Structure formats: C-alpha cells, structure tokens
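Data block below; observations after.
Chain naming here is simple, since letters A, B, ... match the order of the sequence lines and numbering starts at 1 in each. The structure displayed is predicted, hence computed values, not measured ones.
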Number of protein chains: 2
Amino acid sequence: MNKKEFSNLTQSPVILDGATGSNLQKRGMPSGVCPEKWIVENREVLIGLQREYVEAGTDILYAPTFSANRIKLAEYGLENEIERLNKELVAISKEAAAGRALVAGDITMTGEQLAPMGPLEFEELIDIYKEQIGYLAEAGVDLLVIETMMSLQESRAALIAAKETCSLPVMVTMTFNEEGRTLYGTDPETAVVVLQNLGADAVGVNCSTGPDKMIAIVERMKKHAIVPIIAKPNAGIPSLDENGNTVYDMEPSEFVKNMKKIVEAGACIIGGCCGTTPEYIRALKDASEDMEPAPLNKSQGRVIASERKLLSFGLDSRFMIVGERINPTGKKKLQEELRNGEFNMVLDFAAEQEKCGAKILDINVGMNGIDEKQTMLQTIREVSSAVSLPLCIDSSHIEVVEAALRQYPGRALINSISLETEKFEKLIPIAKKYGAMFVLLPLSDKGLPKSLEEKMEIIHTILEAAIAHGMTKEDIVVDGLVATVGADKNAALDTLATIRYCRDTLGLATIIGLSNISFGLPDRSFVNSTFLTMAIKEGLTMAIANPSQEMLVKTAFAADLLMNKEEADISYINKITEMNSKEQETAASMETVQGKTVPVAENYETKI
Amino acid sequence: MNKKEFSNLTQSPVILDGATGSNLQKRGMPSGVCPEKWIVENREVLIGLQREYVEAGTDILYAPTFSANRIKLAEYGLENEIERLNKELVAISKEAAAGRALVAGDITMTGEQLAPMGPLEFEELIDIYKEQIGYLAEAGVDLLVIETMMSLQESRAALIAAKETCSLPVMVTMTFNEEGRTLYGTDPETAVVVLQNLGADAVGVNCSTGPDKMIAIVERMKKHAIVPIIAKPNAGIPSLDENGNTVYDMEPSEFVKNMKKIVEAGACIIGGCCGTTPEYIRALKDASEDMEPAPLNKSQGRVIASERKLLSFGLDSRFMIVGERINPTGKKKLQEELRNGEFNMVLDFAAEQEKCGAKILDINVGMNGIDEKQTMLQTIREVSSAVSLPLCIDSSHIEVVEAALRQYPGRALINSISLETEKFEKLIPIAKKYGAMFVLLPLSDKGLPKSLEEKMEIIHTILEAAIAHGMTKEDIVVDGLVATVGADKNAALDTLATIRYCRDTLGLATIIGLSNISFGLPDRSFVNSTFLTMAIKEGLTMAIANPSQEMLVKTAFAADLLMNKEEADISYINKITEMNSKEQETAASMETVQGKTVPVAENYETKI
Ligand SMILES: [Zn+2]
Ligand SMILES: [Zn+2]
Ligand SMILES: [Zn+2]
C-alpha cells in the first residue's frame, strides 16, 4: 500500500484489531517465553485469534512482530533469527488476513534507553529499527505501525528508520498517562506535531488508559493534527483477579459508547489494546456504521516544539523573542568553554533567557577550533535537558543543520535558508525531511538584495520552492533583513515594508534581528526599541534578541498591549510588575550614600 | 474698491508712486512743519507732484495722510483737526488722480510704543487707527496702505482697526534692515504669514534699502505668501550732500534693473520710497511692460509664528513636541504664582521647554480664583518676551481664546475647536478673523465619539465648516483623541487609525496628547513612548508632551531617523550627544561609593 492509498482509506472509520498478548495467554501461551518464537511454533493459535478479528471487522491486523527487534530477541538469544522470525510472523498474519484485512508490521521500543541516560546512540537505534523494518518490508507488510511508544525520541528513530528503508505508510501511537504526558514528558499536541512533520501518516495513542480517559488526549491531538488520529485504548482499568491474571473492567458496550466520543473528538483509526477481544472489535465495527470521523484539518497552524513543549503562534499572536545569547560571536569566555567541551555558560544563558521570557532559543556554536557538528549536537542535548523551550538551529553549515535536525527531539526552526545556491538546493529538502520550520533569509548568491523588489523576488522564489517540496506558508518565517540605518537611510522603511508585505499580502510570519539597525549610532537601545515597536505595528511575529534587555522587553509588551493582542493587557501588567519587583530586590541591597539610597542606573545598552 | 477688484488688479504689475516727503521738501516744504497741515495749505504742490506720478504711470497714489493719526497730530496741537485734515488730504490726492489712478489712505506708526515698553495699550492703538481709518473711508479712498511699519504688533493693530472699520482692501508694508529683521526682530516670512492670515490683501516691504538689497527679502516673503507682494525701496543708499540734504545713490536705470529682479523674486506691486521721483516711476512703468509677475502661491503651507520666528511644517516633517508644562493643573506652586500674578515658574517652564527642543508652547492658565483672560494675556506677553517659540492658546473659554488671539503678535495655534455647539459656532469665525491655525478636537455635545465612524464624521463636519469659512486643510491639526487603553482595549488602534486616515485620506496634520493612553498602568513612560512611535509611524505631526522626558524625546528622534525624515540622522546624533553630555556633566559631580562611581538612575517616569 502506498501513502496515498492509506490516506484514502481513512475517509471512513478504519477498524484495527484488539489485544494480542493477553488473548494468546488465555489460549495457552505460557508467561516467560519469547512470544515471537512461541507464535511461530504455535501458528494456528494466532491464526485463530486474528481470523476472529477479521471476522469481527478488523481492517488492519497488527502482525505479531512487536518485539522482534535485535535487542529484544537477544534477550532470548534469538538475534540471529531476526530475519526468519519477522518474515514468518508476517506470513502467519497474512494467512489469517487472507486478503480480507491489511497487515501492519508492528514495531515498538527496544527496552534500552538512549544516551545520555542509556547506552544506545541515536544512530544505533535507527539502525536497529532499519534492520527489522527491512525484513518486514521484504515480508510484504502493507504498512508499518510504531506503537506503545513511551519516548518521542525513540519514536522519531523508528520513523526515520522507516522513511529511510521503504515507502510504506507509517502509523505511530504513543502511550500517555491520565495527565496526558508520556513517560518522558511529551504531551499529545507535541507528539502529533513532531511526528506528522517527520512524516508519520497517522499519529495517535494506544494502551495508556480506557477509552473514557483517552477522549481528552485525542481532542488535544486533533487541534494540530493534519494526519488521521489513531485511538487504541485498553478495556478500562486493569486489576488482578483471584488467579493472578490481569483483568479489565470495561464491558464491550461501555467501551464502544466511549469510542463514539473518541471519534467525535477526532480519531478515525480505532481499535482496542490490552484486555480487548474480538467481541469488543465486533461491537466497535457494528457501532462504526454510525460514526462520522471529522474531516482532516487542512493546517496544523504555526507550531514548533521541543520534546516537552509546543509553541503555537499566529500572525496576530503576541510578539516573541528568540533568545540570541547562545552564540560565541564576540564572547571570549563562551568560546573558551565550548573549546573545552564545557556547557556552564550555555546552560546559564538558556535558563536566564527562559526566565526572561524568550519563547525560542537560538543555538549557534559557529567558531574556529571546534568540531561544530559535535558541539551543536551536544549543545542541543544539554539545552534540551535544562529548559523546555523549542530551539532554533543556527549554523552556516548544511551538514551541521542536518545533523542537528536529525537528532533534535522536537520540531525545530532552521536559521536560515537563503537563495544561495547550495543552501537553497540542499536545505529545503532537509527541512522537509525532518519536518522543520525555517527562517527564509532573502539573500542570494549576489549578496544582499539591491532593492525592495529584488528582496520580494527572492522571497517568492524560496517560498515557491518550499511549496513545491510539500511545505506550506505556515512552515516559513521570513527574515525582514535589517540593514544599518546609518549606512542606508531607507533601511528601516524597507524592512517595515517587507514585514507588512509578508504579513498582509503573502500571509507569512516574520522575524528580524534587531541590533544591525542601530550599528554605529549612539544610544542604540532607543533605536532598537523604536524600530521594534514599528515592526510590531507592521505585523512582526518575532525577533532575535537578548531578552534581558529591559527597555526592549518592556517596549515589546507595551506594543502588544497597544495593539490589543489577546491578553496583552494582563501580560503587560504582570511582566512589568515582575521586572520591577526584581529591580526592587536589587535596590533593597544597595548602598546608602549620605543617608540617601542611590539606585544603580539601568543599563539599557547592555549586550546589544 | 473691494478686495476682489484689488486682487484682479494684481494680475499684472501694479505701479505705486515714489517718494512724497523728499520731493515736497525739494518743492518748498520747510523742515519742522506738520507735513499734513503744510500740504493742505499748499495743495497745488502735492497735486503737481502726484500728477507727475500719474503721468509717469502710477496706478495707486498714496494720499499724504501718513502721519495724520491723533498721536502724531497732537505733536503739532492738531489732534482736533484730524477729521478735516484726513478728508482734505484725500481730496487733494483724488484731484491729482483725476480718476486715472486709485488713491490709498496712508497710515503709519504713531511714534508711541506699546506696553509694556511704552505707555500705549494695544486696544488704545487700535482705536487710534480706527479713528483715522474711519475718516479715510468717509473721504472715499479706494484702499488703505499701512506702511513703513517697524513693529509687527503695531501693524496688526492697524490691520485689525481697518478690518473692523471698513471693507476696503488693505496693503501692509514693513521695513527691514539688511539682515532681514524689523526693528523688533520680525523676519519677512513671519511678517507675511501673520499679516496675510490676519486679512492683509497684500504684504510687502518699503523704504528699508535700495532695491538690490530688497530682492532677498522679497524672495523670503514669496515662500509663504498667498497674497501679492509689495516692494517699494529707496533709491539706493542715503548720504548727506554738501547742503546737508539727504541724497540717494541709485540712478533710475540701475533702480529699474534691480526692480526687474524684485519682480522675478515675487513682487507684483512696485514703486519707490525715499529718494525716488516721477522719473524713477516712469522708468519703472516703461520696464514693467516686460515684467511678468509670478502667479500667486495657492498655499502658504502649514505655518505658525511668534513675533520673531516662523514654524513651517509638512505632513512628512520631523515630529514636533508642543510643550505642555505651562498649565496649572496639578501644579500647586504654579497655581499659587499665577494667583499672585507672578510668572517665574511660567518663564522657567518656557525656557526649559525651548531648551529641550519643544517647537511650540501650549499656554493654559485655566484654574479657579483668577481672571483667566487677564492672566492669559499677561502670560502670553511674558512668554513671548522670553522665548521665540510660537504659542498654542489653550483655554476652554471662548472669550479667553479670542482675547489671546487678538493680542498675540504672531500666528497662534488654537487648542481646540470641537463640535460642541457654542465652540464650533463661535470659534471657527474667531480663528478665521485672527488667522489662527486650530486643533480640531473630535468631540461633540454628546461627548466622546462612540465609534471610529462617529469620530470621522465629527472631523468631516468641522473640516467642512472651516472650509466654508475660508480656511484650508493646512489651517487644521486634528487631535487623534487618545483614550485610555486600560479602559478601552482598542484605544490605541482607534487613535492610530484616526491619524492614518487624517494623514493619508484627508491630508490633515495631527496631534495627540500622550499621557492619557497609559492611565492606570505601571511604567507609563514605556507605554507612552511605544504609542508615540506607532503614531509617528502612522504619520503623526506633533504631540503635546513634556519635552524634558528623556525616553520620549530619544524615542521620537529615533522614530524620525528610522522613517528617513529630512536630516533626521544628523538630528538624532546631535540630540543624543547633547542629552548625554548633559548627563555626563551630572555624572561628573556624583558621589563615589566604595571607589566606584554610582550614577543616578534616569527617572523615565518624571512628570507625565
Ligand atoms: Zn495495551
Ligand atoms: Zn528539490
Ligand atoms: Zn522711505
């Protein structure tokens, strides 16, 4: 099956199967054995169960290859049987399906943690998955399902492996607790956004809870999902019966009643997980005649994400600062630390910028004397572990950007893609492959555009190329390209016109780097803040800046307030109160001169 | 002759006469006599001279009533002959003209100075002139000429007297030194603007210099003149001959050569003053066949003026602050001073605001327990003597505004005219009569407009009424009417839309009062400065504010810089350098704490 056929399938509810393991146990599979081996040796038991699922109405059977990866099989000394086991297990399911249901190759976690918590490197894990997926594809599965995932990063590894191995459709489902977090803290929105941009053809939730508790999770996913949503809950809450067996408390009728609500909440690929049986699936199939899945969202909105936090914004959203401080340019001490592989300043900058209200952190480690790729990967890892803000990958080297995107466990913003030939040709496909948003920098091989018209032409060219590669306007943030007003008197007006044009005519978000504008002028902070105000008035979305600059931040909050943006009034008051109470604390510890308190002057000029 | 007929007259060069006094002396008038009395007693001498002028080509004869006002005549004990003298003198000129030339009733200064320098109150002087003008009108002069004026304020008194006595056309000419200043410091542009707005039908320069030195003065007048320009220079430079008589050094041919340049510079009513004779006028008339006066300017631009300084601005001019501090509201100490008739604080505020770069000073003395009209008049007098900035007359009482405009020796800005019935009906004619510019405040009897549409409607209604009264769009500055963003979330956006609409659609200048916007919010200076930036971006012309607010001023200069306004880059650098060097001076005298200089914090919140 190709991705297009899969997509057509989901126009009406798609019925998955129910539990496998618990039903096999009931039918004689002892505990402690390797399930894959046992099934191959007792193929009629699985064929019986799966035939019942097909009879009940299952459209897609999950082949029993769940743990048939090299790491899991090695626990039973079966790592060298991996090809045979995967192929035989798929063959068994195909026999059960007998052409009446599709068969999905099933993949899950290896049980080994990724570095730095565990021993497994990200690329190793991708290779583990590639091996299994290769055999599944050779065995002729119709699609792949990556399921019961507790880690977004391991889900990404499996998804990257799938995309780099075959062109089969891929479904990904994760498990969430009742608070809507995975074991590693990822929420449903973030999971959907990261996975669908990385190429998942359907995303959802399995196991986790009964269907009643799963409604809210599906609702949250639906807000940003542009792919079908999968819901495969357990048969209610588990408990142990008198025989020590796990039993679930929800009857098929109650299960189905809740599944209707799940479909109303946005799911269209539905089935059962632990505790469900062919009886549940038959009831679900019967009820599905009356279910009408909501149409797919046409747009996910403008979203980027870290592993644990989604940032969603529109053209009228409150202005955002992209923290610029993790950048060694002009910072001797930071350069020294990075050269020594130390990250204290990086982590301080990350924490300080998050505290000051930055919404995104720019990560730039470009300098001489280091392996930029390795330093970038380690910086991303360190920063991601310390703060939950999404990151902006800022490098002038294509291979550094690609490595960073491949490893970053979220949806990043790339800074930036210009019309410089090599970047343009290579980075757009890379952005698309890893599902990143990108900053469109209106530069070409000829350098800075000579006129506003040339700037607009470059913007159009890059925009069209991105759309031709399957990206959308919402994946792009245009850099207004700020020149120096001291050198070019029209610098500010040109950038403001660019912002207005992108915002109103093209419907594109915009970003600027502020400090260029005031180069060479006295009291640069006034020029920067004033320029920022004008840019916000013209529709600017975000700026790369130092969020510790008091005047800039207060000005930005005042600008949003005056623009009547959502909750900007409360935000202004809260922000000012917070900033000023910090000042008061400082003042309280100040020197007294001749009986009179002398506050330290605010340095509006810091660190621009 | 009515004003319209006069206006038609000036489509080709109008020839005036030449000198009277010096020629009468040559023809027998002894020095020391009262010229008016001597002429009446020797009428044939004048008739002879003026006939020669008519023969030479004079279109307008000046009746010899130059000094026939009550004060001058009293020097010869002839104050009770004023009616008879004026009427007989006019009759003599009419006889000389014999219908071949028009006769202008001639008026000049009384020789007594106005208060506070002299004993003469402004209204007394108006009455003096009214008396003479009344007799001139009764005697049947075709028009009036107020000439050889060294004081703009005395010229205003004569012009007001003329307008309140008859409807004859009035020409006004002043005398300037070679540097282009009158005795009291008025420059040619200011003279033209103040007098033409007060209703003069032609304005110009007489006596002063030879025609060569007068070219530059005419050029300066032409820039803002919307009425014909008069040039009546001397026959070059005076000196005494061996007999002790005053002689002039420029021959008729040279005189006429320069007069051609004067016409090219913009004059179209031309004649001669001291030292000229019928020979000069004949040469001038002959040459005038080839002279083509420039067409009248359709617009004077946006101009206001004090007695000594013109302020001209366009819709794209650099942003201006109207200094708001001369206003007793909330200022206990100023109230006390005004109650005691003291003006120390007023003068301090005036000087300080001028030093800080205010371009206009708002004068508001509204408070309880004083005679607002008298206090206003005295404040205007005091402030005008101390600083040269034009004033904005700010009172809620119509009679105070009228009294102020009548006395103010410049072209004032009225703050403000709304659609409140009484103000609307009375203040527009008053603004027109005294030639003031006004702030259009979009309020009505119903109070604040309930919507942007209502606001626009009020603006249109007042604008149309002003135009119906003969004013123009350039005489109006619309108040954007700033509400409080804390109470009305759209307050800023509404005002910004008003500014943009006035600027782009109506072509009107705009003004705002800043501080309302931030009422009740913390750190108001940030909200005010940010709002100001947006307003400047939308095309704001000026704001009423305290020019001592560092942040506001620096922001405004930065905004102009970013907007690429004329010379805004140099202005920004100069202003910041100037402001910061003042700070440095302060810093230099600061305390040292533990060996480290601790600067005093800038208080951005002062005095809002
Ligand atoms: Zn389960
Ligand atoms: Zn391509
Ligand atoms: Zn003269």
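By the side chain to side chain donor-acceptor pair (under 3.5 Å) test, Asp504(A) pairs with Arg500(A), sequence neighbours left out.
Looking at heavy atoms from C-beta onward, Thr498(A) lies in side-chain contact with Ile459(A) at the 4.5 angstrom threshold. Using a 4.5 Å cut-off on side-chain heavy atoms (C-beta onward), Leu443(B) and Pro449(B) make contact. With a 4.5 Å cut-off on side-chain heavy atoms, Arg302(B) and Thr541(B) do not count as touching.
Residue with the most contacts toward chain B among Ile576(A), Asp569(A), Thr530(A): Thr530(A) (heavy-atom pairs, distance under 4.5 Å).
The side-chain contact (heavy atoms from CB on, under 4.5 Å) test with Ile360(A) singles out one residue from Asn415(A), Val322(A), Ile544(A), and that residue is Val322(A).
Only the side chain of Leu496(B) comes within contact range of chain A, judged by heavy atoms closer than 4.5 Å. Proximity to chain B (any heavy atom under 4.5 Å) is shown, for Leu532(A), by neither the backbone nor the side chain. For Asn490(B), the parts lying near chain A are the backbone and the side chain together; criterion is any non-hydrogen pair under 4.5 Å. For Val485(A), the part lying near chain B is the side chain, with the backbone staying farther off; criterion is any non-hydrogen pair under 4.5 Å.
The residues Lys455(B) and Asp479(B) are annotated as not salt-bridged, no charged nitrogen and carboxylate oxygen being separated by less than 4.0 angstrom.
For residues 558-568 of chain B, the interface with chain A (any heavy-atom pair closer than 4.5 Å) comprises Ala558(B), Ala559(B), Leu561(B), Leu562(B), Met563(B), Asn564(B), sorted by residue number.
From Leu452(A), atom CG reaches atom CD of Glu457(A) across 11.0 Å, with rounding to the nearest 0.5 Å. A distance of 9.0 Å separates OG1 of Thr577(B) from OH of Tyr572(B), quoted to the nearest 0.5 Å.
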